[in-house]
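The basis for the numbers below is simple: all heavy atoms, side chains too, and nothing from hydrogens, waters or symmetry mates. Just so it is clear, the structure is predicted and the values come from calculations on it, not from any experiment.
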Amino acid sequence: QVQLVESGGGLVQAGDSLRLACSASGRDFASGAMGWFRQAPGKKREFVATNSGTSGATDYADAVKGRFTISRDNTKNTMYLQMNSLKPEDTAVYYCAATDSEYDSRFEEWYEFWGQGTQVTVSS
């Protein structure tokens, strides 16, 4: 059984930093692409960042580029999202996603496996 579990969310003030982690079990995603998506209250889930499985290429949404950094540790089968200079607009449930494909995508339909999400709340 494949499981993705997010952790590291919490309540912070604007300008603070958080580091989210996504721990995968039941499958090795070392060669597969992984990504982060988020869903704010009353809005649809949106793309945040992705990391390809072989080239290591990254992709970021304009709203987070320069502030967020996606990375992974394949020895731990874990992906991370470092979030700096957080803004109230970043408040959302953050989800990690994974696929067996080496290619990443901004479309959530591309990913076969999902975590349950972790809440990030940024106060002004």
inquiry  = Hydrophobic clusters here meaning ILVMFWY residues chained together by side-chain heavy-atom distances under 4.5 Å, can you tell me if Trp36 and Met34 are in one?
reply    = yes
request  = Indicate, with yes or no, if Val2 and Tyr111 share a hydrophobic cluster defined by side-chain heavy-atom contacts under 4.5 Å among Ile, Leu, Val, Met, Phe, Trp and Tyr.
outcome  = no
query = Between Leu81 and Trp110, is there a shared hydrophobic cluster once you connect ILVMFWY residues whose side-chain heavy atoms come closer than 4.5 Å?
reply = no
query = Would you find a donor on one side and an acceptor on the other, under 3.5 Å apart, between the side chain of Thr78 and the backbone of Lys76?
reply = yes
ask   = In Å, rounded to the nearest 0.5 Å, how long is the span from CG of Asp90 to CG of Asp16?
value = 11.5 Å
query = Can you check whether Thr58 reaches Thr50 side chain to side chain, under 4.5 Å on heavy atoms?
reply = no
query = Is the shortest heavy-atom distance from the side chain of Arg19 to the side chain of Met83 under 4.5 Å?
reply = no
query = Do Phe47 and Ile70 belong together in a cluster built from hydrophobic side chains that touch within less than 4.5 Å?
reply = no
inquiry  = So Tyr80 and Thr69, do their side chains get closer than 4.5 Å, heavy atoms only?
reply    = no
task = Could you walk me through whether Glu112 and Thr99 pass the side chain to side chain donor-acceptor pair (under 3.5 Å) test, one step at a time?
result = CA-CA 5 Å; Glu112 301 102 312; Thr99 176; 2.4 Å; yes
query = Do the side chains of Gln82 and Ser71 get nearer than 4.5 Å, heavy atoms only?
reply = no
ask   = With a cut-off of 6.0 Å (strictly less than), are more than 12 heavy atoms of other residues, nucleotides or ligands near CD of Glu102?
value = yes
inquiry  = With a 4.5 Å cut-off on side-chain heavy atoms, are Arg45 and Glu108 touching?
reply    = yes
message = Looking at every non-hydrogen atom in both residues, tell me the closest pair between Asp104 and Ser52 and how far apart they are.
response = OD1-CB, 3.8 Å
query = What is the minimum heavy-atom distance between Gly35 and Met79, and which atoms define it?
reply = O-CE, 3.3 Å
ask   = When the ring planes of Phe68 and Tyr94 are compared, do they come out parallel, tilted or perpendicular, using 30° and 60° as the limits?
value = tilted
From Asn74 atom CG to Arg72 atom CZ, the distance as rounded to the nearest 0.5 Å = 5.0 Å
key: For the student: nearest non-hydrogen atoms of Pro88 and Ala14, plus distance   = CD-CB, 4.2 Å
key: Aromatic ring pairing Trp114/Phe37, orientation class (parallel under 30°, perpendicular over 60°, tilted between)   = tilted
ask   = Is Asp100 close to Arg27 at the side-chain level, that is, under 4.5 Å between some pair of heavy atoms?
value = yes
ask   = CG/Leu86 to CZ/Arg67 distance, rounded to the nearest 0.5 angstrom?
value = 6.5 Å
query = What's the verdict on side chain to side chain contact (heavy atoms under 4.5 Å, CB included) for Glu46 and Gln39, showing C-alpha distance, side-chain angles and the deciding distance?
reply = CA-CA 6 Å; Glu46 65 180 9; Gln39 186 169 24; over 6 Å; no
query = Please walk me through it: do Glu89 and Thr91 pass side chain to side chain donor-acceptor pair (under 3.5 Å)?
reply = CA-CA 5 Å; Glu89 306 94 272; Thr91 295; over 6 Å; no
query = How far does OG of Ser23 sit from CG of Leu4, to the nearest 0.5 angstrom?
reply = 8.5 Å
query = Honestly curious: do Tyr95 and Val122 fall in one hydrophobic cluster under the side-chain, below-4.5 Å linking rule?
reply = no
request  = Could you check if a side-chain atom of Phe29 sits within less than 4.5 angstrom of a side-chain atom of Asn77, using non-hydrogen atoms only?
outcome  = yes
key: Glu109 atom CD: more than 12 heavy-atom contacts under 6.0 Å   = yes
ask   = When you look at Thr118 and Glu6, which way does the side chain to side chain donor-acceptor pair (under 3.5 Å) test go after all the steps?
value = CA-CA 6 Å; Thr118 184; Glu6 302 95 338; over 6 Å; no
message = Within the 4.5 Å heavy-atom criterion, are Val12 and Thr121 side-chain neighbours or not?
response = no
key: Shortest non-hydrogen contact between Ser31 and Thr54, atoms and distance   = O-CG2, 4.2 Å
